[in-house]
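Take a look at the structure below.
The model shown is predicted, which means the values in this text are computed figures rather than measured ones. The sequence lines fix the lettering, A, B, ..., with proteins before strands; numbering per chain opens at 1.
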Amino acid sequence: SKYKVVVPGTGEHPLQYNYTFWYSRRIPSRPASSQNYEQNIKQFGTVASVEQFWRVYSHLVRPGDLSGYSDFHLFKEGIKPMWEDEANKNGGKWIIRLRKGLASRFWENIILAMMGEQFMVGEEICGVVVSIRFQEDILSIWNKTASDQVTTARIRDTLRRVLNLPPNTIMEYKTHTDSLKDNSSF
Amino acid sequence: GTRIIYDRKFLMECRNSPVAK
């Protein structure tokens, strides 16, 4: 397959990592499986600089304006937003459930924090997801090593700071192994 | 190694500048 190397343009501000945007939409009546998940998820852009990021982002629908079962993902280039990916298989994610109306703002803040390297956990971050559902929306951030409690605690603390979460927000950590076992994430 | 760190304020300013500085 053709592989196009994405690099920052002249005079642009490079990012520490390249990131790829993905979009998926699921028909809720169908059972979730990794096979149809992979069929339904599409990547639509990789960015290497701050300026490239804004060019893609400014053309996107705000996640809070999406309907039904839709997810936006922003992952480091080369990491598929799937539990089975080499970078994710020993990992996990912090899950934040949001009442309707908050997803767009929190999604923007979490991706800016990730791209700006605000988490200070080395190579640990894999990507972030915003999941639009009927009753609530869900934000999650994936990291490589679920067993690394220092890292997961640091990610949680950074999230609280950069998102300025409402005090009653519940944050839950789930390993991808557990997600695979119960075959349900959200 | 050195990491490229940007705060939210800087990233938002880049959004509003039509030409990269």
Side-chain angles (χ1 to χ4, degrees), chain A residues 6-19 21 47-60 62 74 76-77 104-125 128 139 141 143 151 154-155 158-165, chain B:
Chain A
V6 180
V7 294
T10 309
E12 293 184 345
H13 296 89
L15 297 170
Q16 177 71 40
Y17 300 97
N18 288 5
Y19 290 93
F21 283 95
V47 298
S49 70
V50 179
E51 288 77 4
Q52 288 170 1
F53 164 76
W54 284 121
R55 282 199 288 276
V56 175
Y57 181 84
S58 59
H59 286 95
L60 296 183
R62 286 159 54 87
L74 185 65
K76 282 178 183 165
E77 186 181 31
S104 298
R105 177 159 56 96
F106 285 154
W107 168 241
E108 182 170 296
N109 285 339
I110 200 171
I111 58 184
L112 295 184
M114 179 175 71
M115 289 194 316
E117 286 292 311
Q118 296 292 313
F119 287 96
M120 303 288 194
V121 288
E123 308 280 310
E124 270 290 321
I125 304 288
V128 292
L139 206 57
I141 181 163
N143 75 295
T151 290
R154 184 175 281 188
I155 294 169
T158 308
L159 277 177
R160 284 196 192 281
R161 180 170 56 83
V162 298
L163 297 181
N164 196 16
L165 292 169
Chain B
T2 313
R3 297 183 86 80
I4 306 169
I5 296 169
Y6 299 118
D7 64 16
R8 187 180 184 281
K9 183 168 173 284
F10 178 83
L11 293 170
M12 294 305 287
E13 284 167 5
C14 287
R15 179 183 208 173
N16 300 323
S17 67
V19 183
K21 289 179 188 122

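- If you tally non-hydrogen atom pairs under 4.5 Å between each of A:Ala113, A:Ser49, A:Pro14 and chain B, the highest count goes to A:Pro14.
- Here the straight-line distance linking atom NZ of B:Lys9 with atom CG of A:Leu112 works out to 14.0 Å at 0.5 Å rounding.
- Counting only distance, with no hydrogens or angles, the side chain of A:Trp54 and the backbone of B:Asn16 share no donor-acceptor pair below 3.5 Å.
- Using a 4.5 Å cut-off between heavy atoms, A:Phe53 makes no contact with chain B at all.
- Among the candidates B:Ile5, B:Asp7, B:Thr2, the residue making the largest number of heavy-atom pairs closer than 4.5 Å to chain A is B:Ile5.
- Counting heavy atoms from C-beta outward, A:Gln16 and B:Tyr6 have side chains that stay 4.5 Å or more apart.
- To the nearest 0.5 Å, atom CD of residue B:Glu13 and atom NE2 of residue A:His13 are 10.0 Å apart.
- Here the closest heavy-atom approach between residue B:Cys14 and residue A:Glu51 is recorded as SG-OE2, 4.3 Å.
- Contact annotation: the side chain of B:Arg8 approaches that of A:Asn109 to within less than 4.5 Å [non-hydrogen atoms, C-beta and beyond].
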